[in-house]
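One-based numbering along the sequence shown. When reading the values below, keep in mind they use all heavy atoms of this one structure, side chains included, and skip hydrogens, waters and symmetry mates.
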Amino acid sequence: MRHADQLLSVGHAMATPAARYAMLDLQPLHLDDGGPFAWTAKAWLSICAVADQDEAERKARPLVAERLHSVCPGVPLERWRQLEQAGRTAASEIEHVDAAHRLIERWQVRRYARAAESIVVWSREFLSGDNGEFGAEVVSRLATEWAQAEQDVQTESPSTDVYTPDDIAGRFTDLHGERQGDPEGAFGLRCGWERWDEVHTGAHTGRVGLTIAPSGSGKTFLMLNLGAGICDPHPWNDYNPPEGLYINNEMEQDDLIVRQTAIRLQRAGFSERSRPFALNEIARGELSDYHAGEAARLHSMSRLHVTGFEDKTASGITALLAQHALRRGIKWACVDHMLDVCMTREEARMSQGVHWKQHAGWLRQWQGVARRYGIALEVVGMVGGSNIIAREGVEPDPYEIQGAKATINRVDVYRLLWQSQGQDNNPGDPIVTTWKNRKGIANARTRFRWIRGVGSFEDRGAYFPPEKEDKR
């Protein structure tokens, strides 16, 4: 919380006292801990109590150490003075959010522990024959107790900020001045594809994009190329790219590295006898020592981190995003792909095993993390329970796909990847229809050139479908 000249924070840094819980979901119940964080809990509650009083009296009094010590003498004055410099570094908010999450994680462990203790007691009573219950009743009670603990741990209840008309007018005036002085500020993270960057105005942090397509249409290659454009050093990012995370759910690590190698060598202009290196050449170790060394150099210069393809649940992916946002400050991430996310037993029970019924909830969960930590998040995969009918030259209708309406409402950008009509026995080009786009141009089509044996996607500009024959 910030006042005129003072900033005192215990694990959090908020713009105003009223918003101190908005990003962290931290409540007093999370602070009931007698462990090493006990003094932090006391300090936090004391700061909030003082801030509540100042807010009610409409006074912005400085939260100096002596004042807080008089309110809460249980925290040593030396501790209060140590906190006076908190929040003065560029990374303070990340550090403070991390501290808050440590408190919440301890509460989550305690909640699971209480559920486990209850389950053990009920189980022993039943097995000893003392309670006279039927086995099915006990099993149901045990399952309910654990499910309730999981729900309590995963539930989020952030407060909602309300902006007055004066707030809106002031923010617009500031935004207008910022944009006049720096029009480039309207753009997010550029990838180097001219048409793509124009349509999306860059990748915007806090936004979620969903790209769906038939199997084998190049979804993974499209996203690996996009990630290389954003998170590798290039002129459009002043050779200082942001950190990124590629959450790989379907491909073995070596296969993914082969694809990344082909993409980076192609982007850097390396070739063999005027042709790009093929995936099978790289996989068989047929690169020269020189080109292998250059590939290793390009990999090491990138800031795109990649996970293994081990099974991951939606909550596990949420934890990965938050963890790497705190540790590495990632600004771009991709989940590839959604149909390979594992359902928990509870999710399978609630959706009768139908995978796509969970997708809207997962997207909402990931969107919350993206907004909280400022990540431009891409998600790829299928929406419905069955594959999209892949017909060359036919653009899929998003509303014909199972679950599309719910997922469209949950994302900021919604895209379809399909193939144009080929000519002279040659396959058509990949077309990306950006069907929904909150920060850019909606209903826009971009044509790509995809060299399948190499994996390189090249932006070829806008695509305009041929005029349909007038059958009237």
Quick one: does [X]'s side chain get under 4.5 Å of [Y]'s, heavy atoms only?
| X | Y | value |
| --- | --- | --- |
| Val432 | Leu416 | no |
| His337 | Met223 | no |
| Thr434 | Trp196 | no |
| Asp336 | Glu378 | no |
| Lys312 | Val335 | no |

With sequence neighbours left out, what residues match Glu310 under side chain to side chain donor-acceptor pair (under 3.5 Å)?
none
Checking side-chain polar atoms at under 3.5 Å, does Asn437 have a donor or acceptor matched by the opposite partner on Arg207?
no
Rounded to the nearest 0.5 Å, how far does [atom2] of [Y] lie from [atom1] of [X]?
| X | Y | atom1 | atom2 | result |
| --- | --- | --- | --- | --- |
| Tyr414 | Thr211 | OH | OG1 | 9.5 Å |
| Ile375 | Leu245 | CD1 | CG | 8.0 Å |
| Ile257 | Ile282 | CD1 | CD1 | 11.5 Å |

Measure from the side-chain N and O atoms of Asp429 to the backbone N and O of Arg449, and report whether any donor-acceptor pair falls under 3.5 Å.
no
Counting only N and O atoms by type, is there a donor-acceptor contact under 3.5 Å from the side chain of Asp412 to the main-chain atoms of Val208?
yes
Tell me whether [X] is salt-bridged to [Y], with the criterion being a basic N under 4.0 Å from an acidic carboxylate O.
| X | Y | result |
| --- | --- | --- |
| Arg327 | Glu243 | no |
| Glu184 | Arg190 | yes |
| Asp459 | Arg195 | no |

Which pairs pass salt bridge (charged side-chain N to carboxylate O under 4.0 Å, His left out) with one or both residues in residues 245-271, sequence neighbours excluded?
Asp232-Arg264
Looking at residues at least two apart in the chain, or sitting in another chain, which of them share a ring-ring contact (aromatic ring centres under 6.0 Å, His included) with Phe172?
His176
How are the rings of Phe448 and Phe457 set relative to one another: parallel (under 30°), tilted (30 to 60°) or perpendicular (over 60°)?
perpendicular
With a 6.0 Å cut-off on the ring centroids, do His200 and Trp193 count as close?
no
